[in-house]
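Right, one structure below, let's go through it.
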Amino acid sequence: MKIERLELRLVKLPLVHFFETSFGRIDDKHFILVRVDGDGATGYGECVAEQDPYYSAETNETAWHIIAGFIAPRVLGAGFAHPSEVFPALKAIRGHNMAKAAVEMAAWDLFAKQRGEPLSRVLGGTRDRIASGVSIGIQPSLDALAAKVERELAAGYQRIKIKIKPGWDLRAVETVRARFGAIPLMVDANAAYTLADADHLAQLDRFDLMMIEQPLDYDDIADHATLQRRLKTPICLDESIKSPGIARDAIAAGACRIINIKPGRVGGFAESIRLHDLCASHGIPVWHGGMLESGIGRAANVHLSTLPNFTLPGDIAGSRRYFDPDLIDPPIEVAADGTVAVPMGPGIGVSIRRDRVEAATLRRLDIADRGLRIADSIAG
Ligand code: OSB
Ligand code: MG
């Protein structure tokens, strides 16, 4: 597989509803779309970096800089026998997993398209439908929260996750339990608490939650291990798990009983598969996280979720909760039983509306073979 051309676009799509977490609110999604071309085929990858360095240290600006200046020169013209060779080829670049993942995932799509196979099969997936959950942001009121939960349950979603932060936690969970009973329910704090809140967080134990996601600091392991010993509720780590090696340490320390896999956070599909397999060998269930992706990144997530240890519903909801219209047509749909069909066409298997991509593009960069020289000319 040879990558002859790499295109970057910075895209802006309005969100159907604002999304609020413990670190802030967004009304529009800005992201980088990577396109790679080789041997007459085209692959796409969506970068999950955001405008602000709040979920992770990376932003769209850092990802653009790293892809154009450092990743493109290492992948353009290189002959890869398999897309699992892309991440190791980027070893000299430290960090920047979201930038790496966007290119690596485009390479997997390209490879699967060249083979004429669905991405799920190339990744080693075993199912043709995946279980879908929703992530509900912080709401202006408890009534608004209840209304959202009601709507998502009616749409069929198999589990509800609500975002929490200090001041929006126990009463929010209590409201949902009081109104909707024993539904599959979990919370995500996006690192909003400290160990000093342990007694407060222990009060969540009475609500029989599936898990509490990333209660403590974004790169912490040790405090999570201390907290897990105090909690009945399983801790799931998101932000802290930036590599399979960190996951190994977190599992050994007892810092979590569940892990959220986001390929962007660990550097792509190859690292996600390693993380998935490591968790399976330790009896740690995994589920697929979401980063408010457009249909392009969302489809990629659906394919990865077909691996066998993705035993819990993921944050992979239908397109229309986020974007209307989406960049793909038809959009990702969730069936009444809360499952999403895995696209069966080659690669990510969705059809991209290039007119919509074009209309949403704020900035574009084309890097043809011999990327190093072209990147140099951009820099200088
Ligand atoms: O922590 O899982 C998270 C969105 C942006 C950044 C971080 C997170 C999220 C979500 C939304 O929870 C998941 C989705 O619906 O895509
Ligand atoms: Mg999370």
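Atoms within a ligand are numbered from 1 in the order they appear, just like the ligands themselves.
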Is the cationic atom of Arg298 (NZ for Lys, CZ for Arg) positioned less than 6.0 Å from the six-membered ring centroid of Tyr322 and within 45 degrees of its normal?
yes
Counting heavy atoms only, which part of Asp238 comes closer than 4.0 Å to ligand 1: side chain, backbone, both or neither?
side chain
Could an N or O of ligand 1 be found under 3.5 Å from any N or O of Glu50, whether backbone or side chain?
no
Ligand 1 and Asn260, any nitrogen or oxygen pair closer than 3.5 angstrom?
no
Polar contacts were defined as any N/O atom of the residue lying under 3.5 Å from an N/O atom of the ligand; does this apply to Glu239 and ligand 1?
no
Between Lys163 and Lys161, which heavy-atom pair has the shortest distance, and what is it?
NZ-CE, 4.0 Å
Hey, are Tyr44 and Lys113 close enough side-chain-wise for a donor-acceptor pair under 3.5 Å?
no
Can the ring centroids of Phe70 and His65 be said to lie less than 6.0 angstrom from one another?
yes
For Lys262, take its heavy atoms, then give the atoms of ligand 1 lying under 4.0 Å from any of them.
1 (O), 2 (O), 3 (C), 7 (C), 8 (C)
Per-atom contacts, ligand 1 versus Gly290 - under 4.0 Å to a heavy atom:
2 (O), 4 (C), 8 (C), 9 (C), 10 (C), 11 (C), 13 (C), 14 (C), 16 (O)
Tell me yes or no: between the side chains of Asp326 and Ser319, is some donor less than 3.5 Å from an acceptor?
yes
Starting from atom 1 (O) of ligand 1, what is the nearest protein heavy atom, named by residue and atom, and what distance separates them?
Asn190 ND2, 2.7 Å
Select one of side chain, backbone, both or neither to describe which atoms of Arg321 lie under 4.0 Å from any atom of ligand 1, heavy atoms only.
neither
Is the cationic atom of Arg25 (NZ for Lys, CZ for Arg) positioned less than 6.0 Å from the six-membered ring centroid of Phe18 and within 45 degrees of its normal?
yes
So do the side chains of Asp329 and Arg356 get within less than 4.5 Å of each other, counting heavy atoms only?
yes
Within-cut-off N or O pair, Tyr55 and ligand 1, under 3.5 Å
no
Rounded to the nearest 0.5 Å, what's the gap from CG on Asn97 to NZ on Lys100? Could you check?
5.5 Å
Please confirm whether Leu292 comes within less than 3.5 Å of ligand 1 when only nitrogen or oxygen atoms on both sides are compared.
yes
Any side-chain donor-acceptor pair under 3.5 Å between Asp205 and Thr233?
yes
A student checking ligand 1 against Asp188 at a 4.0 Å heavy-atom cut-off should list atoms 1 (O), 2 (O), 3 (C)
Ligand 1 atoms nearer than 4.0 angstrom to some heavy atom of Tyr322 are 14 (C), 15 (O), 16 (O)
For Glu213, counting its heavy atoms only, list the atoms of ligand 1 lying under 4.0 Å from any of them.
2 (O)
For a quick check under 3.5 Å, do Tyr218 and Asp238 share a side-chain donor-acceptor pair by atom type?
no
Does the side chain of Asn260 pick up a donor-acceptor pair with the side chain of Glu213 at under 3.5 Å?
yes
Considering only heavy atoms from C-beta outward, does the side chain of Gln158 approach that of Thr339 to under 4.5 Å?
yes
Residue-atom pairs from the protein, N, O or S only, that lie under 2.8 Å from the Mg ion (ligand 2):
Asp188 OD2, Glu213 OE2, Asp238 OD2
Any donor-acceptor pair under 3.5 Å linking the side-chain atoms of Gln214 with those of Asp188?
no
Report the member of Lys29, Lys161, Arg298, Lys163 with the shortest heavy-atom distance to atom 8 (C) of ligand 1.
Lys163
Going by atom types alone, do His200 and Asp169 pair a side-chain donor with an acceptor below 3.5 Å?
yes
Please list the nearest protein heavy atom to atom 6 (C) of ligand 1 with its residue and the distance rounded to 0.1 Å.
Met291 SD, 3.5 Å
Could you check whether any heavy atom of Gln214 sits closer than 4.0 Å to an atom of ligand 1, since that is the contact criterion I want to use?
no
